[in-house]
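Everything numeric in this text was worked out from a predicted model, so none of it was measured. All chains are named by letter (A, B, ...) in the order of the sequence lines, taking the proteins before the strands, and each is independently numbered beginning at 1.
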Number of protein chains: 2
Amino acid sequence: MRTRAPTGATEAPETAGLGPHASTGLDVDRVADVGAQAVTAVQAQGPAALEVAHAHGLRERKKQATRGELSRAALRLAMERGLDNVLVEDIAAAADVSPRTFNNYFTTKYEAICALGAERASQIGDTLRRRPAGEGLWQALTAAVVAHYETGQFCDPAAMASLKMMLTSPQLRGEHQRIVTTMREALAAAIAERMAAAGVDSAGVDLGLRAEVLAAAVTATAQVAVRRWFAATPATALRPLLEDALAHLQAALRAPETTVPPTTDGSAT
Amino acid sequence: MRTRAPTGATEAPETAGLGPHASTGLDVDRVADVGAQAVTAVQAQGPAALEVAHAHGLRERKKQATRGELSRAALRLAMERGLDNVLVEDIAAAADVSPRTFNNYFTTKYEAICALGAERASQIGDTLRRRPAGEGLWQALTAAVVAHYETGQFCDPAAMASLKMMLTSPQLRGEHQRIVTTMREALAAAIAERMAAAGVDSAGVDLGLRAEVLAAAVTATAQVAVRRWFAATPATALRPLLEDALAHLQAALRAPETTVPPTTDGSAT
DNA sequence: CGCAAAATTGCGTGGCACGCAACCAGAGGT
DNA sequence: ACCTCTGGTTGCGTGCCACGCAATTTTGCG
């Protein structure tokens with residue numbers, strides 16, 4: 001076989017056959033055990049019923065357990081010996097499964113390494129939803145982004161190295177993009193809800209589009225801050241960089257027409 | 001060998017050995033490069049003229065020729081028979097070189113497929129620079145983005161399929177991210193110039209950061225528009241989507257504090 | 001014209017993604 | 001509790017790929 005798409009061309013079926021590929025959905029039990037704050041958030045929603053509803057019981061649990069085990073082992077090994085010095089064989093061994101089983105869960109080792117990050121990225125929507133209703137959208141957005149990056153492991157050096165790895169390795173770039181996409185979508189959904197709840201008065205505006213655009217802008221800005229943070233020669237705190245960058249985003253579009261050449265006075269429109 | 005990093009661990013040397021890897025100069029992968037500081041460093045060394053003089057030799061021309069040939073062949077074949085039904089062997093054959101030579105120019109076939117797009121992405125800075133000086137920054141930015149996507153082959157169905165491929169295939173995601181990064185950096189540089197030329201009066205603002213943030217926001221917004229365009233069930237024109245999305249970006253940050261719940265008035269600092 | 005630098009090529013190796021077909025373990029019916 | 005059946009695991013095999021190494025050809029320069 002080539003790489004994907006067994007015979008056809010489109011790549012649709014994917015989850016067919018034998019592997020436990022698509023699993024069931026999004027049960028987040030033990031994967032994000034690093035951040036205690038996240039647990040609080042999850043419990044606030046009352047997702048215990050979700051797991052019960054899934055109720056395929058032991059079978060499903062074991063599946064997610066090994067998935068998490070593989071993902072965690074992949075990240076750990078990659079950090080310990082370097083990305084290029086870890087084989088899928090090693091990861092599988094660390095998770096006590098066959099190398100073949102590894103590929104039943106992840107197509108590439110890079111996907112396994114980034115699985116935890118993707119999981120976490122999907123939670124930023126709830127982080128925004130948890131902001132007090134009295135806050136303005138922008139304020140809540142800034143707070144949510146800061147909280148997302150601070151509750152994560154962005155403080156301890158281990159996670160810092162993990163981020164660095166994702167930003168430097170070409171192979172991880174695609175997976176990192178996937179994480180960012182997840183974050184953007186989750187954020188867009190939460191923004192749309194908040195906009196709707198606040199009752200956007202403007203008549204014909206496309207709420208979905210606006211939310212998506214805003215989420216994209218905020219996410220991209222956060223990435224700029226993260227990139228600057230990790231490139232800073234004297235290591236500095238991430239939070240002020242984030243707040244600074246987000247403030248610049250707001251400012252850059254608030255007064256955009258100030259930029260005209262001094263000689264000409266032609267004020268367009 | 002593993003994947004990268006032959007023996008060491010850091011991945012620094014990269015362009016050593018035999019292959020014509022580094023080409024002229026700017027195909028470096030630099031993820032952490034935050035703006036123009038790197039350029040300053042390079043110019044501080046002095047021998048930039050050497051490279052320029054060297055670039056016009058017959059040797060360099062042939063190199064770029066075969067590189068373009070490979071890239072073009074890769075894209076064409078991928079479009080014709082589908083991404084998974086083309087081997088590096090096929091691409092090399094189409095470019096009349098050895099399969100081994102292919103890997104002297106590109107590490108993966110996906111990189112070859114996206115090389116043209118990356119090339120083009122770096123030109124958006126000049127597109128912005130070409131806007132009349134009388135235009136406001138925002139107006140020029142919108143016009144530049146629209147022009148960039150319209151002068152490209154984003155109208156003819158062939159390029160549309162190419163874009164679709166880049167957005168759907170997981171393997172191309174990483175390369176697409178690279179293109180977006182290139183576009184963002186090129187745009188940020190041009191924005192910074194335009195800001196400086198207009199004389200940003202605000203005293204202590206970090207021009208580089210603001211330009212970078214703005215470029216990131218605009219680029220991300222353009223991606224939102226492109227994604228919506230290509231997902232539109234009745235095929236529609238890209239231009240209005242782009243303009244609409246960019247207008248939403250501006251609007252979303254102009255009046256962000258309008259969103260407060262009607263019942264509660266508690267303003268949480 | 002001849003030499004050195006640089007690019008191309010052939011060959012070989014280690015690794016990976018995944019189809020296929022056995023095998024084995026939960027889940028559900030009687 | 002027994003049996004079956006659905007579905008996850010594993011071993012094996014295959015095709016493809018990235019790239020080191022070394023020999024060969026091409027190009028630029030004195």
For the pair made of NZ in Lys109(A) and P in dC17(D), what is the distance, rounded to whole Å? 18 Å

Degree of bending, the helix from dC1(C)-dG30(D) to dT30(C)-dA1(D) (end axes from five pairs; round to 10°): 30°

It should be established whether Ser98(B) places a side-chain nitrogen or oxygen under 4.0 Å from OP1 or OP2 of nucleotide dG10(C). yes

May I ask you to evaluate whether Asn103(B) reaches the phosphate of dC19(D), defined as a side-chain N or O under 4.0 Å from OP1 or OP2? no

Rounded distance (Å) that lies between atom C1' of dC17(D) and atom CG of Asp84(B): 14 Å

Looking at Glu69(B), I want to see if its CD is surrounded by more than 12 non-hydrogen atoms of other residues, nucleotides or ligands under 6.0 Å. yes

Does Thr107(B) place a side-chain N or O at less than 4.0 Å from the phosphate oxygens OP1/OP2 of dA18(D)? no

Kindly say if Tyr105(B) contacts the phosphate of dT8(C), meaning a side-chain N or O under 4.0 Å from OP1 or OP2. yes

Atom CZ of Phe102(B) and atom P of dG10(C) are separated, to the nearest Å, by 16 Å

Between dA27(C) atom P and Glu60(A) atom CD, what is the distance in whole Å? 10 Å

Applying side chain to side chain contact (heavy atoms under 4.5 Å, CB included), name anything that partners Leu116(B), two or more places apart in sequence or on another chain. Ser71(B), Arg72(B), Leu75(B)

Quick one: are Leu241(A) and Phe230(A) in side-chain contact, heavy atoms under 4.5 Å? no

For Gln171(B) and dC17(D), give me the distance from atom CD to atom P, rounded to whole Å. 11 Å

Out of dT10(D), dC11(C), dA17(C), minimum distance to the side chain of Arg100(A) belongs to dT10(D)

Using side chain to side chain contact (heavy atoms under 4.5 Å, CB included) as the criterion, list what pairs up with Thr182(A), not counting sequence neighbours. Ala121(A), Ser122(A)

Which whole-number value in Å describes the distance from Asn85(A) CG to dC16(C) C1'? 16 Å

Output the rounded distance in Å from CG (Leu87(A)) to P (dC17(D)). 20 Å

Please check this pair: side chain of Asp90(A) against backbone of Leu87(A), looking for a donor-acceptor N/O pair closer than 3.5 Å. yes

If you define the side chain from C-beta out and look only at heavy atoms, does anything of Tyr105(B) sit under 4.5 Å from Glu111(B)? no

Glu89(B) CD to dA18(D) P, straight-line distance once rounded to whole Å: 13 Å

Let's see if you can work this out: which of dC21(D), dT10(D), dC16(D) has an atom nearest to the side-chain heavy atoms of Val97(A)? dT10(D)

Check step by step if side chain to side chain contact (heavy atoms under 4.5 Å, CB included) holds for Lys62(B) and Thr66(B). CA-CA 6 Å; Lys62(B) 269 209 164 184; Thr66(B) 53; 5.7 Å; no

Hey, does the side chain of Lys62(B) come within less than 4.0 Å of dT27(D)'s phosphate (OP1/OP2), counting only N and O? yes

